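All residue numbers in this chain count up from 1 along the given sequence. Note that the structure is a prediction, hence the values are computed from the model and not measured.
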Amino acid sequence: MTSTHPAATESEFRPRPGRWIALAVLVLAVLLVAVDATVLGLATPFLSEDLKPSGTQLLWIGDIYSFVIAGLLVSMGSLGDRIGRKKLLLTGAVAFGGISVLNAYASSPEMMIVARALLGVAGATLMPATLALIRNLFHDPRERSLAIGIWGAMASAGAAVGPVVGGFLLEHFWWGSVFLINLPVMAVLVLVGIRTLPESKDPAPGPWDLLSVALSLIGIVGVVYAIKEVAAHGAGWDVAVIAVAGVAALYWFVRRQLTLPAPLLDVRLFHHRGFSGAVLADLLTILGLSGLVFFLSQFLQLVQGRSPLEAGLAELPAAVGAVTTGLLAGRAARRFSVRVVVAGGLAAIGVPLAVMTGLSQTTGYPLLGAVLLLVGAGAGFSFTVTADVILSSVPKEQAGSASAVSETAYELGAALGIALIGSIVTGVYRDFPTPPGVPAGTATAAHQSLGGAVDAAAGLPGPGGAELLSAAQTAFVDGLRLASGLGAAVLLATAVAAWFLLKGQKLEEGAKPEH
């Protein structure tokens, strides 16, 4: 087809000056959200001591951030497509910084839950906007693959750096400091972002449908909450009602998107086999990995006796693997194929997870480090290429919505994985036999969590404390081994599914203007 404006079309593919500086700003936002997702885990014991939340409140403090992010990602991605991704990103960054202060100085469990929920709202504005802006900054597909690799590598690095930074801060300052580190990063992001980021949005977006926003939030939060409750406490009428309400809301949401002239999310994107396959691979990968990620830092600290900082440093090989392969993933997918790299990456996660089924309390660090390195390398390959496939499957006007689907799959996978695999680990752990002579109250506290067992054992005189701690640690390791086995099964099955779903899928070779 002959273009009536060839010069304009060619300019669309001309490299944008300053795009790598702009990418550095976007990477800062990703790094921050990733750090914030992992840093709270280390701070939880200190926060519990200070705010004294109940068990249920503590779960909400941990979960509400990811619940809100998962529920709002699609809506925020769509909002960025409408009002401008730069505007949404910078507004969200200012809000994220301000709400971080509220988190740091929370004085009650209720205030902390509200602060974490608000931080989730701000976090939901950042992730889809960063990936969508990359789609619009980098017109050449090879450059875009490298940019997505850097973006993914920083997300992985942030998740691994979180425990290191958190460990350092907790050894020198109070728990609120893990939130205050957000402020200087956000300040740099906003000041540099105003000057370097280009504005981009859908030129004909249509109105932002508030009913669709409400339906997606109610649907996702309802379903995830119900799964977590069933996994943790078993089914009940109240949970069944919430689950049905969540499923009904999601069904209504999909039906509504098919009838709206300008939908919040174009669900027809899922007709594209590559798009659907990439989204499914992301969700199942995170689901399979979440058990290991969630429980490994507890194993390193409470079973093997490392400090928070040592535990954080011990997990760094995962980031090294992810960063290295993330930068090579686009080139590898073009040389071999998308399905070889994604399925191979998923298998490279599944096999070391299977090795972890032989874990014991005395497993040496060389084996653990090698497992983490391979898991990180596999994740770097698969996540980078699936993100590239998802973004290149859609017109760039819909980049925000598409990247929000990708992020939602990630968040849902994490929530479901912690719910399903986490509850199995917890179930195995709670069944450990109590040594004779341990008071009933102390035994109850020890069966709640491994952290509770460490505290309970410290208060027991004589050999009773050591026996209680040993029984608890053995049960925890048994649970972690089971989680690793389940994760390995999920990852290897996903590798097989990706091999078929991504058949024939290719990354774009180079930017060629139409004539």
Side-chain angles (χ1 to χ4, degrees), residues 37 59-60 62-82 113 116-128 206-233 235-271 275-276 278-280 282-284 286-287 290 390 394 398 400-420 422-423:
L59 282 176
W60 277 107
D63 290 343
I64 194 74
Y65 177 73
S66 58
F67 275 176
V68 172
I69 284 187
L72 285 178
L73 275 168
V74 170
S75 301
M76 291 302 183
S78 177
L79 182 63
D81 289 344
R82 284 162 169 74
I113 291 166
R116 292 291 291 166
L118 291 172
L119 200 64
V121 175
T125 67
L126 298 176
M127 293 301 270
W208 199 51
D209 185 50
L210 287 175
L211 178 56
S212 295
V213 173
L215 288 172
S216 70
L217 182 63
I218 293 165
I220 290 173
V221 172
V223 168
V224 174
Y225 174 78
I227 290 171
K228 284 197 152 199
E229 281 298 298
V230 168
H233 307 296
W237 279 109
D238 52 342
V239 178
V241 169
I242 291 169
V244 169
V247 170
L250 287 178
Y251 178 76
W252 186 4
F253 173 80
V254 171
R255 297 284 301 179
R256 187 168 175 80
Q257 302 320 294
L258 291 169
T259 57
L260 287 174
L264 193 73
L265 171 68
D266 185 357
V267 292
R268 292 178 184 86
L269 291 174
F270 287 95
H271 290 160
F275 182 88
S276 299
V279 169
L280 184 68
D282 282 357
L283 188 147
L284 292 175
I286 289 294
L287 191 156
S290 56
I390 288 164
V394 301
Q398 293 180 298
S401 294
S403 51
V405 171
S406 171
E407 292 296 328
T408 304
Y410 190 99
E411 292 294 336
L412 275 177
L416 296 177
I418 291 170
L420 299 172
S423 65

Taking all heavy atoms of [X] and all of [Y], pick out the closest pair and write down the distance.
X    : Y    : value
A226 : V239 : O-CG1, 3.6 Å
Q257 : R268 : O-NH1, 4.5 Å
L73  : A124 : CD2-O, 3.8 Å
L260 : P263 : O-CD, 3.6 Å
A278 : I390 : CB-CG1, 3.7 Å
V247 : V223 : N-CG2, 3.8 Å

Straight-line distance of [X] [atom1] to [Y] [atom2], nearest 0.5 Å:
X    : Y    : atom1 : atom2 : result
S216 : R256 : OG    : CZ    : 12.0 Å
L72  : I220 : CG    : CD1   : 9.0 Å
F253 : L258 : CZ    : CG    : 10.0 Å
L215 : Y251 : CG    : OH    : 13.0 Å
L287 : D282 : CG    : CG    : 12.5 Å
L126 : I69  : CG    : CD1   : 8.5 Å

Stepwise side chain to side chain contact (heavy atoms under 4.5 Å, CB included) test for V121 and M76: CA-CA 9 Å; V121 175; M76 291 302 183; 4.1 Å; yes
Note, S75 side chain near L217 side chain (heavy atom, < 4.5 Å): no
